[in-house]
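Residue numbering restarts at 1 for every chain, and letters A, B, ... go by the order of the sequence lines. Computed over heavy atoms, backbone and side chain alike; hydrogens, waters and symmetry mates excluded.
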Number of protein chains: 4
Amino acid sequence: MVKTFEIEDFGIKIGRLPKGNLNKISDVEGVKVGHSTIDTEENKTGVTILLTQGKNPFKNKVTAASHVINGFGKSTGLVQLNELGTIETPIALTNTLNIGLVHDAVVDYMIDECEKDNIELKSVNPIICECNDSGLNNIRKRVVKKENVFEAIKNANKNFQEGDIGGGKGMTCHDLKGGIGSSSRILKIGKDEYTLGTLVQANHGLIDDLTVNGKNIGKEIGEKIKKTKEKDEGSIITIIASDIPLSSRQLKRICKRAVVGLSRLGSYIGHGSGEVVIAFTTSNIVIESEKQDFVEMKILNEEKIDIVFRAVAETVEESVLKALLNANKLEGYKGNIKESLRSFL
Amino acid sequence: MVKTFEIEDFGIKIGRLPKGNLNKISDVEGVKVGHSTIDTEENKTGVTILLTQGKNPFKNKVTAASHVINGFGKSTGLVQLNELGTIETPIALTNTLNIGLVHDAVVDYMIDECEKDNIELKSVNPIICECNDSGLNNIRKRVVKKENVFEAIKNANKNFQEGDIGGGKGMTCHDLKGGIGSSSRILKIGKDEYTLGTLVQANHGLIDDLTVNGKNIGKEIGEKIKKTKEKDEGSIITIIASDIPLSSRQLKRICKRAVVGLSRLGSYIGHGSGEVVIAFTTSNIVIESEKQDFVEMKILNEEKIDIVFRAVAETVEESVLKALLNANKLEGYKGNIKESLRSFL
Amino acid sequence: MVKTFEIEDFGIKIGRLPKGNLNKISDVEGVKVGHSTIDTEENKTGVTILLTQGKNPFKNKVTAASHVINGFGKSTGLVQLNELGTIETPIALTNTLNIGLVHDAVVDYMIDECEKDNIELKSVNPIICECNDSGLNNIRKRVVKKENVFEAIKNANKNFQEGDIGGGKGMTCHDLKGGIGSSSRILKIGKDEYTLGTLVQANHGLIDDLTVNGKNIGKEIGEKIKKTKEKDEGSIITIIASDIPLSSRQLKRICKRAVVGLSRLGSYIGHGSGEVVIAFTTSNIVIESEKQDFVEMKILNEEKIDIVFRAVAETVEESVLKALLNANKLEGYKGNIKESLRSFL
Amino acid sequence: MVKTFEIEDFGIKIGRLPKGNLNKISDVEGVKVGHSTIDTEENKTGVTILLTQGKNPFKNKVTAASHVINGFGKSTGLVQLNELGTIETPIALTNTLNIGLVHDAVVDYMIDECEKDNIELKSVNPIICECNDSGLNNIRKRVVKKENVFEAIKNANKNFQEGDIGGGKGMTCHDLKGGIGSSSRILKIGKDEYTLGTLVQANHGLIDDLTVNGKNIGKEIGEKIKKTKEKDEGSIITIIASDIPLSSRQLKRICKRAVVGLSRLGSYIGHGSGEVVIAFTTSNIVIESEKQDFVEMKILNEEKIDIVFRAVAETVEESVLKALLNANKLEGYKGNIKESLRSFL
């Protein structure tokens, strides 16, 4: 088991809500994450998979929503996600030029899984998100294969690794080594406790803007590293999971709070950055074979939603920081080097 | 009681679903409509009010959504309606230059009603819609007064009049006399019957495009009347009510089918026409004083929603026709005359 | 050269605007369409490609917009298209389960084309649209290959075939044989003439609702055929091209008028139908290598836009009819047969 | 002339771009702001007016866009603003329950102004925004009158006052005295200099979250004041003006960066806060009487837009701070007291 660095290890504190057991999105019951990493001299890339609820998400669709902060990105599946308010596949994170292939692999996987469940799948809406890792990865070689998708699915587990791994292998964030980060919070609503967790693929931001614990440390770090980014391009994907009973309208509102966490770290949402947020709840599952005319839902009293917004702001900020803190220094394509934030703290 | 002309009186048939008892939006239990009309030589205008559920909609907010087909219009309240998915005031229909005043009057009304219910109202989101009646009404004189709003509310009842009345007094539709129209359908879902009703304030369209029963009769009529419209401007407001348990996401989808009915009558959604659709369900009431952390909702199985879409298409088309059929020939401001469609059938 | 059936051959007339030379989307200068068709006993499917302006759309991006009428569909690329208002790849139409692979092939193609133009492509946003042809095609076999994409691109020309060909091979429309259809209009704006053309991949609608020339002929036809569709599912993709100088905001408005044409043919926009509209203008090209700080644009005076809306309504209605009229009777997967509309006129 | 406190007076620095001459939105040529304040024991409220370009904005409409961060607000006019991409009236800021009346007054004003310009105004789209000042103002008394609107328009000038004045009189921000704030930046694009300015009506946020210069100073201040806000409700309106040539699509993107500034001050965009952003450019004026078929526009090369996004983030953060720093301690309705942030720095 690889150690996960926590922000407290570096004296950083974000927010006021208590954290989940693992401080990962998988603290939400049923959520699992797996990676498949490609690590050669020329290629630093991979696939990260998030399973929302079990092996066949088509059978049990989670209620969901998405929000595009900045649409310079190629994510697939958002049109149907927004129309129907559900997710029916694993969520895959990969690089920009491989999303077609990963899409194709997810269709393969879904056909197979549905067959096992006696569903003859004729239509499915894969959610594939991407960031551009061409700074460290020879992206035009397009080395991701379908096997990487299947492997990442097979690897999915609760205690997954963060940092420069899977779809995060080639990421650059605030001109440092970026990658996959995750965080969670426990929310008390009435007498009961609920969990909200976030996972990011962080590949955005400029070093000069990096702000940690409210202090702009980026400018100083920027003088010590070889900067390669003049523009905020590269994207950040944010996935938010919770077990709180919510409607897709409420989940859409929740998505819109992710930008708060990004802003506090110094990003101003650059033109070239594809910033997509997806949120889902494991409550209010929509069953594929539903035969009833009407279904019962339980949803949060809107007047109580503020604590959920706060949890989003906190976990997104912390997830990006954990992506930075857990990513190791890496020398990639054409000898490009990205340092780990850890070296500067 | 004034007679309402039905399309069957003129040999017209629209759709295949059975109609409600009154064939009006008020076939949805609890929905009432009232008018206040101003009818002088110079001014032909007024206010139409729709009560969603009782006298104080702030206490019991209906679940709702809206959709803008074409946004050349000034309707108020849609921002909050879309965010929270609820309506908390009567819906008012009036002319373009009086929506500020009508808004102000609805605030007056809501403060008073809330006081009776021991609610100290500090914030409220009036839904005020408008069409431009300047063809028949000296709109710049702005003769609508707060009293017209209060009177329309007081007049609200199930068996309301259609045609050139209330907010429909000065309307022009396909260059004929337009106004208020309404229609309803009974939908069988499982073993139970539900109602969906539509109300329009119809002020859009060109005569040459008018198509009834699939036949373009407008061109021929156009040769017999004094045309005053060269452009499709003027707007159409569509309100859809139902007692089917639905979510606001589903209601948004429902709103999007209104355009089908308009298109079939020959409209191509002109640049100058403000086309706004609002839909609500009297199921899933959101209680102002809700104290529970979570609320139960019942919503339609998405796979069964097609019949609702069909009912929207049918009732919108029929409502516009009923607005035309129930409107009487009218001589308005500056001697402008709009004929009744009835004279040509 | 295969004959294209025109609606006038069957005594049908739609609208009032004059048609372009070919009455196809390719009447817009520079627009070309190519097909690659798979036609075996088990598989009826393929790819249709639309080239917006030359072989490398990345170098010269057309100004564009999109609109989702109903989002039960999987089209890729709309997020970035809406953010930046440009299209930078060929537009591909195929079946639902092959969009990942077609996406992957378009990336291949774009890398190659850009290499020829000395652009090292690291990010590209393929526009891939789909309809579900599982009624006539063994869709789960996923027989479309990259070669089909390349072939369709190579085949692209002005005088392309309509009907059951390319991505339209396995389409079913109003329970008859559907496919690819196209139509165009000449618009006089001031002293100059402009062209607007539409192309559809038509796979939507129920037979009972089919309305031609304002007459519901579908019910009668429905009694003569073997119906396989109880629900309006399957989708319709609409591409609109023009050489009129327009902004992306105006193109978005233009997209919203496509639904008018669909409605007039009897569709009520079913729940299961993915209805996506994309519009672009060959004026206002955004150059990839633009170095200037500011660029000049010419856009239509908004007050003159009505004729464009009318052209959209007319061409969409006619394009769907042409898809139906040019499609031949076809026996597909599991012996399913779809008749040609021609047999009933 | 009243002194305006600048953030530097308190040792605060935000961002890196140089400021405009006045450090106000009116640094954008032609933009003026005026106030009318109501200040009695019971009522603390008023109207603030922003003139975009001269006395009659209907004649010369600025190109514009809007974005709703959180829609718990009642702003009017956004539907048409988004459809047509223009603003044709002064922008008014007032309290929640008076927007109908202010709307009505702006219609009065516009009819009069148009009459002077020989335009017979029959339709106009007032942009009225609001925040809820019921914490310090007896809002239910609705003391704003039409005269306040006319007075604010008459008072409009470049060197306007900030803080607890006009529509900002009764505002509460982070549980301190809020109000009107403004800031500007000079942007060098190519060889030329442009200006971007922001104005806020700040009435949002909790004291415990207040973060200045990256330091959470709110918790400490919170222990010294009488808190009255447990929830983040009350709203913030943001107006962004620039003379950079931009399209409405670009202005929409610009609006979306306002949230960055709010987040950095500690807000997480509360449920009860109506957060609306409007942006316009004084380039690309749309002339009411435009007779040409096509109009020329100049727009920013999209690749150069990052500096504009950065300017938005900086000016929004600074404007909110200036609203706080320029607001004086105030005792309002029912003896409620809000302290000035100045007392704690």
Contacting region of C/Glu83 [heavy-atom separation from chain D under 4.5 Å]: both
Heavy-atom pair of closest approach, residues D/Lys304 and C/Gln292: CE-O, 4.0 Å
Contact leader toward chain C among D/Arg253, D/Glu290, D/Glu302, where contacts are heavy-atom pairs under 4.5 Å: D/Arg253
C/Ser247 versus chain D, the contacting section by heavy-atom distance below 4.5 Å: neither
Residue D/Lys291 versus chain C: region with a heavy atom under 4.5 Å: backbone
C/Leu84 versus chain D, the contacting section by heavy-atom distance below 4.5 Å: both
Straight-line distance of C/Ser248 OG to D/Lys252 NZ, nearest 0.5 Å: 12.0 Å
Spacing of C/Asn284 atom CG and D/Met297 atom CE [to the nearest 0.5 Å]: 9.5 Å
Sub-4.5 Å side-chain heavy-atom contact between C/Lys298 and D/Glu296: yes
Neighbour count >12 (heavy atoms, 6.0 Å) for atom NZ, D/Lys32: no
Engaged part of C/Asn82 at the chain D interface, taking heavy atoms whose separation is under 4.5 Å: backbone
Evaluation steps, side chain to side chain contact (heavy atoms under 4.5 Å, CB included), between C/Asp293 and D/Ile189: CA-CA 7 Å; C/Asp293 295 312; D/Ile189 301 177; 3.9 Å; yes
